Amino acid sequence: MSAQILDGSAIAEQIRAEVGAEVKLLAEKGKPRPGLATVLVGENPASQSYVRGKRKACAEVGIESFGFELPATASQPEVEELVLKLNADPKVNGILVQLPLPSGMDEESVLSKVSIDKDVDGFHPVNIGRLAQKGREPRFIPCTPSGVMYLIGKVLPNLEGVNAVVLGRSNIVGMPVALLLVRANATVTICHSRTRDLPSVTRQADVLVAAVGKADMVRGDWVKPGAVVIDVGINRVEDASRPRGYRLVGDVAFDEVKEVAGVITPVPGGVGPLTIAMLLRNTLRAAKLSDH
Ligand code: NAP
């Protein structure tokens, strides 16, 4: 039997509507509109398109967005000064520094300058540190990992004792997803490029999260029957039949895996829309926290 396909676009739409309704309520109470500042350094086309998408989504729910674009030649102090200026700006509730930064720039140093109260991307070292520690609460949870957990929660509200396997250990997806799964009491295995015999590990997973960046890597026989499979990957593959000459696929061979898994997310239309929805949610939260 074919897997249930989790419609990330519809789920994200619902979250955006909820955020929109809350923003409206704030306005009715005479509160200022929440504000998000986006900082884009360099001319990476994918990053430009992500930032455009985030600003458009803000506009749709009534969040004000302030875009800052610096050339790839901008110096580390210039970028950090901008972040410090935004920290001090009361109209800005959230600051998003679009990653990756141009090579040679010290990403950790830039991210550590973002005020923890405005760290809506959740990548400040203190937020990540709290995520990794028992009994500590991060102020903000990174958006894509938060979206992954939201999707899993839709089909498996209780992860206690569940075997979860995360493919990938990046700072922005794999590792925070693994930490969140541990916090939800799953038993977690983290796989990466040095893991031996991946299929034998992934076949143990009740929940499998793929965040690798390799088109169609996870095959049907890598998956335990009935598993929940969350595909974070976004990969371009050449496709002459498409106007742009390519199409987007995930890290999971969708057509094969959907015949084995119990639940699966599509690409596009799975995790991607949740990432932006969670950013809006975090920005709203930042605005509410700043009001106390
Ligand atoms: P990344 O920083 O390149 O990390 C990839 C991870 O996969 C690394 O931990 C790497 O292992 C591991 N890996 C690479 N090749 C492998 C292999 N053959 N077998 C097992 N593990 C392997 O990528 P990322 O930023 O986490 O992104 C992962 C994917 O998610 C990409 O396709 C990206 O476009 C997508 N993404 C989507 C969203 C969204 O909103 N949906 C957001 C962010 C990213 P090592 O650590 O050993 O190198």
Side-chain angles (χ1 to χ4, degrees), residues 6-9 11-13 15-16 38 44-57 96-101 103 107-108 111 120-123 128 131 140-152 164-181 188-205 208-219 222-223 229-237 246-254 264-282:
L6 267 181
D7 183 347
S9 302
I11 294 168
E13 192 47 54
I15 297 170
R16 285 152 75 134
T38 57
N44 178 330
S47 294
Q48 286 171 330
S49 140
Y50 291 144
V51 167
R52 267 198 308 275
K54 288 167 186 176
R55 296 194 63 194
K56 184 165 167 273
L96 179 145
V97 179
Q98 184 64 40
L99 301 178
L101 288 167
S103 63
E107 181 185 296
E108 187 184 356
L111 294 179
V120 288
D121 238 355
F123 293 142
I128 293 290
L131 193 63
F140 299 101
I141 294 172
C143 302
T144 301
S146 173
V148 167
M149 295 304 290
Y150 194 89
L151 287 174
I152 296 172
V165 173
V166 181
L167 293 181
R169 57 174 165 181
S170 72
N171 289 341
I172 63 168
V173 191
M175 192 56 77
V177 165
L179 293 170
L180 286 165
L181 286 164
V188 182
T189 306
I190 304 172
C191 300
H192 44 76
S193 64
R194 319 291 158 82
T195 301
R196 288 194 196 133
D197 193 6
L198 270 178
S200 72
V201 183
T202 56
R203 273 196 291 269
Q204 307 300 316
L208 176 61
V209 179
V212 175
K214 298 257 184 289
D216 295 339
M217 189 178 89
V218 177
R219 314 302 308 196
W222 290 33
V223 174
V229 179
I230 308 290
D231 190 353
V232 187
I234 303 177
N235 310 290
R236 283 182 183 191
V237 295
Y246 68 85
R247 67 195 151 86
L248 296 179
V249 302
D251 292 342
V252 175
F254 184 83
I264 189 168
T265 61
V267 177
V271 176
L274 265 290
T275 297
I276 294 190
M278 291 307 175
L279 174 67
L280 301 176
R281 224 154 82 145
N282 278 353

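Just so you know, these numbers come straight off a predicted model, no measurement behind them. All ligand and atom numbering here is 1-based and tracks the order in the structure. Below, each value reflects all heavy atoms present in this structure, side chains not excepted, and no hydrogens, waters or symmetry copies.
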Donor-acceptor pairs under 3.5 angstrom involving side-chain atoms of residues 208-216: please list them, not counting sequence neighbours.
none

*Check whether more than 12 heavy atoms from other residues, nucleotides or ligands sit under 6.0 Å from atom CZ of R219, and answer yes or no.*
yes
_Pairwise side-chain contact, D231 with F254, heavy-atom cut-off 4.5 Å (strictly under)_ = no
*asked:* Using the rule given for side chain to side chain contact (heavy atoms under 4.5 Å, CB included), can you reason through L151 versus V271, listing the C-alpha separation, both sets of side-chain angles and the distance that settles it, and then say yes or no?
replied: CA-CA 8 Å; L151 287 174; V271 176; 3.9 Å; yes
*asked:* A side-chain contact here means heavy atoms from C-beta on lying under 4.5 Å apart; do N171 and F123 qualify?
replied: no
*Collect the protein residues that have a non-hydrogen atom under 4.0 Å from ligand 1 and hand them over in chain and number order.*
T144, G168, R169, S170, I172, V173, H192, S193, L198, A211, V212, G213, K214, M217, V232, G233, I234, N235, V271, G272, T275
*Side chain to side chain, L280 and I15, heavy atoms closer than 4.5 Å*: no
